[in-house]
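Scroll down for the structure; my scribbles are underneath it.
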Amino acid sequence: MSVQIRDTLSGRLVEVGEGGNIGLYVCGPTVYNHIHIGNARAPLFWDVVVRYLRSRGYGVTFVQNITDVEDKIINKANEEGVSWQEVVDRYTDSFHERLDLLGVNLPDVEPRATEHIPEMISLIQELIEGGHAYAPGNGDVYYRVESFPSYGQLSRQRPDEMRETEKAQTGSKESPLDFALWKASKPGEPSWESPWGPGRPGWHIECSAMVEKHLPEGADIHGGGTDLRFPHHENELAQSAGAHPDHTFVRAWAHHGMVNFAETGKMAKSLGNILDVKDAVDRHGRDALRMWLLQSHYSQPIEYSENILEEKRRSYERLQHLYSRIFGSTSSSELDAGLARELRERVDRAMLEDLNTPEAVAAIFELAGRVGAEISARPGAVHEFRALAEALAEILTTFGFDLAEESVAEVNGIRIRYAEEPEAGVLARVAEREGARRSKDWALADRLRDELKAEGWLVEDTPEGPVLGRR
RNA sequence: GGCGGCAUGGCCGAGUGGUGAGGCGCCGGACUGCAAAUCCGUUAACCCCGGUUCGAUUCCGGGUGCCGCCUCCA
């Protein structure tokens, strides 16, 4: 069994993980602000992928870096009159808090740029020795793009056709296309000793160094947003392949689409149209956010709106309800076993071909529909889905959803289902109310329901008995 | 200007050379003392013009529109 990934470099499906192990590197945040939901796409999506691959028996090494030295961090620190380390600490904590809110697991390795300065320096030295880089003598070191003939391959750009912009000023560079590997530090800026004088690393070099260090066999999959394809990944590739032409750097590049707002387009800090992950989770809950991301393919752009997220919340609830209904099934049937098997197979097929989460989610819903139809036709069947309940729980958990497992209490022969443990006396009154209902004492039943409602509990009557929930 | 991607039913969104994924909504129904839910069923689409083909939403060409990138934005 192997996973196929649509590699952005070749445009083809590439097999990875044949040997059972997968090294995954994903570009993480530059910590100079709270992450917005656009930034959340990568951690959330890859979290699902990692969980899934592990559930299928793969050994996964998941590396996601934190960029903790960069112009924007320095600018932020200067604006606020604090040290750059303070900015880094604050927003690294914020990042972790938000991952936690999203229910995203931390990667196996979370390397920081500043912890890899020696590796970067030695990589730069190798590039200089190989003629791929030069130090003009002012403390900077630049990559010599001309020395790498396949430059532009990843982004399908031809160097001679690249538009010249002010951002690509020549300065002390040989060519406007050359990019900084090392920058001389100005006073007050983060600074490390180097063969070229005190300085700090360029942006791209950190990822080259960290991929090589933490995934010595090369990255099977290298993820990041489509906006990183150029220049960031193009430059990473030029650096790593330039320094080590015989070593595989990346087997499959997987670029995910941008998150857009319907009205204002791409969500970007520079455009000011950002939505903090925290606000999105507060508004819609993490499960809705997961459903939203999983119901479209990672390679496509995705649109955010309050309405869409509300829709996704409802979608997820439907699965949660189905699970609640069949959870606790004590027996299995031929139908049950067949549905469980089909569910697992279809999810696998979808995921193993380019991580097609929407296809996998569709399979879950489709199977759910068939269960509903069976229960609808034969209510007693609700207790005969042990295998499917198990498969469903496993898959939804693998996708990182919070599956609420209901408890069942039996009071005076009345079965009451609830997800959240109620305080003493509540269950007794729910049972009392159900007793009142059975003897058609509607006045008492309604009074008890109102009473419980005032205390924050909602009682719903179902054919299978009362269900207690939070209002 | 260059490069890349995308155009699917009211909305979101997969996929396929020929039997209409899936979700949300609408509508119909079931359940129901009331309430709130829930469940079932149905509805409906492949941007435009050519071409290839027995047959194209799917392949090719052209057009239109939208999005991203073009040196440090996930």
Results of salt bridge (Lys or Arg N to Asp or Glu O under 4.0 Å) for A:E317 - residues two or more places apart only: A:R313
Please check the phosphate of B:rG5 (OP1 and OP2 only) for any side-chain N or O of A:R229 closer than 4.0 Å. no
Which residues pass the side chain to side chain contact (heavy atoms under 4.5 Å, CB included) test with A:V250, sequence neighbours left out? A:A219, A:H222, A:W253
Would you compute the distance between atom CG of A:L293 and atom OG1 of A:T357 and round it to the nearest 0.5 angstrom? 8.5 Å
Is the distance between the ring centroids of A:H297 and A:H256 under 6.0 Å? no
Between A:Y316 and A:F401 (judged by ring centroids, cut-off 6.0 Å), do the two rings come close enough to count as a pair? yes
Sticking with atom C1', work out how far B:rA36 lies from B:rC67, rounded to a whole angstrom. 42 Å
Tell me every residue that passes salt bridge (Lys or Arg N to Asp or Glu O under 4.0 Å) with A:D276, counting only those two or more places apart in sequence or in another chain. A:R98
Taking the six-membered ring for Trp, is the centroid-to-centroid distance between A:Y32 and A:Y91 below 6.0 Å? no
Among the candidates B:rA74, B:rG22, B:rU71, find the nucleotide nearest to the side-chain atoms of A:A362. B:rG22
Can you sort out the partners of A:W46 under ring-ring contact (aromatic ring centres under 6.0 Å, His included), two or more places apart, ordered by chain and number? none
A:E306: what forms a side-chain hydrogen bond (donor to acceptor under 3.5 Å, both in side chains) with it, not counting sequence neighbours? A:R283, A:H284, A:Y304
What's touching nucleotides 14-18 of chain B from the protein side, N or O pairs under 3.5 Å?
| residue | atom | partner | partner atom | Å |
| --- | --- | --- | --- | --- |
| B:rA14 | OP1 | A:H297 | N | 2.7 |
| B:rA14 | O3' | A:N356 | ND2 | 3.4 |
| B:rA14 | O2' | A:E359 | OE1 | 2.5 |
| B:rG15 | OP1 | A:N356 | ND2 | 3.3 |

My understanding is that only residues two or more places apart in sequence, or in another chain, count here; which of them pass salt bridge (Lys or Arg N to Asp or Glu O under 4.0 Å) with A:R51? A:D47
Listed pairs, N/O of protein and of nucleotides 30-33 of chain B, under 3.5 Å:
| residue | atom | partner | partner atom | Å |
| --- | --- | --- | --- | --- |
| B:rG33 | O6 | A:R433 | NH2 | 3.4 |
| B:rG33 | N1 | A:D446 | OD1 | 2.8 |
| B:rG33 | N2 | A:D446 | OD1 | 3.3 |
| B:rG33 | N2 | A:D446 | OD2 | 2.5 |

Base, sugar-phosphate, or nothing: which does A:R41 touch, judged by heavy atoms less than 4.0 Å apart? nothing
Which stems does RNA chain B form, counting runs of 3 or more consecutive Watson-Crick or G-U wobble pairs with both distances under 3.5 Å? B:1-7 with B:64-70, B:10-12 with B:22-24, B:27-30 with B:38-41, B:47-51 with B:59-63
Heavy atoms within less than 4.0 Å of RNA chain B: which residues of residues 92-100 of chain A have one? Give them sorted by number. none
Partner residues of A:S185 under the side-chain hydrogen bond (donor to acceptor under 3.5 Å, both in side chains) criterion, sequence neighbours left out: none
For the CZ atom on A:R156, are there more than 12 heavy atoms of other groups (residues, nucleotides or ligands in this structure) within a distance under 6.0 Å? yes
Partner residues of A:R370 under the salt bridge (Lys or Arg N to Asp or Glu O under 4.0 Å) criterion, sequence neighbours left out: A:E342, A:E366
